[in-house]
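Side chains are part of it too, since the values below use all heavy atoms of this structure and drop only hydrogens, waters and symmetry mates.
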Amino acid sequence: MNNCAPEQPEPLLYGTPSITTRKNISRNGGQPFEDSDVLVLSSRSTSDTHSKDSTQLYLDLRLSKPLLPESIIKWGFSGIRVTLSSTPLRFRWNHYIDSQGRDGPPDEGTTTSCDGEEVEIGIGVNPETGEQEQYEERWIDQPVPPGTSFAFLTSSREPSESSGFIAILGDHALAMRQNHSPNDTEFQAVRMRISTSSSPEVLFRQNADALLPLLESALSGVDNWKGSPWQRGQEITLQEDHWIVWDAGMTREN
């Protein structure tokens, strides 16, 4: 694996990467429900997440329940989250790849904390109908212990130009890819479970004959850090493909 350090140091990142699962969603004021196994892996931020214009890289994969190899993608997308305002705390999730198509309306929502959960309220596309609807989602951050390895990779130096995204954090690994042109209908995705006592387990894959080896190569690269993680902005080689490190390292004590 060839590793090329960035020509100039990238700006520092702040906070801790996160593992987030969705508890439930309600639409148009209806009863909350959960029909998807939702996993979101997010990098550290370019500044405090409550600061306007702070950005972070994220991967969001929503699979039909129960989670099985034959599950279907309810929705999958990845890109950059931007903080639009701090009071109220409002975000926009830029979808640089999207299993529903990248030409949808802006994905924006306002979040508050309630009983240890993040409550997100907004107007967004219902992937089942394609219609804009009011929604409320409840999210739960999963623990990320100190000393946890993490890596967030993009297929191009500019995330907005990337067709592929990889995230490795804790017990989880996600990879998604989608051709930008001329046809963006084939959406590729892999979700894996990582264990210190056994080999990584593929929980789900779709159109992933080429993507899975890339994720496995990234996992092998992280395992071989030996105390020297990849650097932000570094170019690495996975299966002869060049990828860019958006964020990587080991989590620290808060």
Side-chain angles (χ1 to χ4, degrees), residues 1 3 5-6 9-23 37-51 54-61 67 78 80-83 86 89 91 93 111-120 138-154 159 165-176 190-203 215-234 236 238 243-254:
M1 180 181 296
N3 297 331
E10 294 281 347
L12 293 175
L13 296 179
Y14 298 83
T16 303
S18 62
I19 303 166
T20 311
T21 56
R22 193 174 71 182
K23 180 180 178 181
D37 190 303
V38 182
L39 176 66
V40 183
L41 302 182
S42 303
S43 73
R44 295 178 295 179
S45 303
T46 53
S47 59
D48 184 279
T49 56
H50 290 66
S51 300
S54 176
T55 61
Q56 65 178 194
L57 191 74
Y58 74 91
L59 286 76
D60 185 327
L61 185 59
L67 177 58
S78 184
I80 293 290
R81 190 191 78 175
V82 182
T83 303
S86 56
L89 187 57
F91 301 110
W93 290 266
T111 67
T112 58
S113 296
C114 179
D115 298 329
E117 301 172 357
E118 293 294 318
V119 181
E120 177 190 336
R138 287 185 172 261
W139 299 92
I140 300 174
D141 281 337
Q142 304 300 322
V144 181
T148 299
S149 301
F150 61 90
F152 291 81
L153 312 176
T154 58
F165 296 83
I166 289 175
I168 299 167
L169 175 58
D171 297 335
H172 305 282
L174 291 176
M176 290 185 268
V190 181
R191 177 174 167 181
M192 299 181 72
R193 178 190 291 126
I194 305 169
S195 171
T196 57
S197 60
S198 60
S199 299
E201 177 187 2
V202 178
L203 300 177
L215 181 54
E216 291 174 332
S217 180
L219 286 168
S220 176
V222 171
D223 285 342
N224 290 326
W225 279 350
K226 301 186 187 306
S228 299
W230 295 323
Q231 301 175 50
R232 174 161 157 78
Q234 182 177 346
I236 63 172
L238 305 176
W243 288 72
I244 303 300
V245 178
W246 205 89
D247 189 13
M250 308 278 288
T251 58
R252 301 177 180 179
E253 294 278 1
N254 292 329

Checklist outcome for this item: The reported gap from CD1 in I80 to OG1 in T55 (rounded to nearest 0.5 angstrom) is 5.5 Å

Next on the checklist: For the CG atom of L169 and the CZ atom of F152, what is their distance to the nearest 0.5 Å?
Outcome noted: 5.0 Å

Checklist entry - Is it true that the side chains of Q142 and T21 contain a donor and an acceptor less than 3.5 Å apart? => result yes

Item to check | CZ-CG distance between R22 and D37, expressed to the nearest 0.5 angstrom | outcome: 10.0 Å

Item to check | Atom of I194, atom of G170 and distance for their closest heavy-atom approach | outcome: CD1-O, 3.8 Å

Next on the checklist: What I'd like to find out is whether the side chain of L153 reaches to under 4.5 Å of the side chain of L57, using heavy atoms alone.
Outcome noted: no

Checklist outcome for this item: Of all heavy-atom pairs linking P229 and G227, the shortest is CD-O, 3.4 Å

Checklist entry - Closest approach of Y58 and S42, non-hydrogen atoms and distance? => result CB-OG, 3.8 Å

Checklist entry - Judged by atom type as modelled, is there a donor-acceptor pair below 3.5 Å linking the side chain of T111 to the main-chain atoms of E118? => result no

Checklist entry - Looking at CG of D171 and CZ of R193, how far apart are the two atoms once the value is rounded to the nearest 0.5 Å? => result 8.5 Å

Item to check | OG-CG distance between S78 and L61, expressed to the nearest 0.5 angstrom | outcome: 10.0 Å

Next on the checklist: For a quick test of reading the model, state the closest non-hydrogen atom pair linking L59 to L174 and the distance between them.
Outcome noted: CD2-O, 3.8 Å

Next on the checklist: Pair H50, L89 - check side-chain contact (heavy atoms from CB on, under 4.5 Å), show working.
Outcome noted: CA-CA 7 Å; H50 290 66; L89 187 57; 3.6 Å; yes

Checklist entry - Can you name the closest pair of heavy atoms from G249 and W225 and give their distance? => result O-CZ3, 3.4 Å

Checklist entry - By salt bridge (Lys or Arg N to Asp or Glu O under 4.0 Å), which residues pair with R44, not counting sequence neighbours? => result D247

Checklist outcome for this item: Residue set satisfying side chain to side chain contact (heavy atoms under 4.5 Å, CB included) with T20, at least two apart, ordered chain then number -> S18, V40, W139, D141

Checklist entry - Who are the side chain to side chain contact (heavy atoms under 4.5 Å, CB included) partners of S47, not counting sequence neighbours? => result S51, S54

Checklist entry - Short question: side chain of T251, backbone of T148 - any donor-acceptor pair under 3.5 Å? => result yes

Checklist entry - In terms of side-chain heavy atoms, does Q56 have a donor or acceptor partner in T46 at a distance below 3.5 Å? => result no

Next on the checklist: Ignoring hydrogens, what is the shortest heavy-atom contact between A218 and W230? Give both atom names and the distance.
Outcome noted: O-CH2, 3.7 Å

Next on the checklist: Applying side-chain contact (heavy atoms from CB on, under 4.5 Å) to T16 and F150, what does each step give before you reach the verdict?
Outcome noted: CA-CA 10 Å; T16 303; F150 61 90; over 6 Å; no

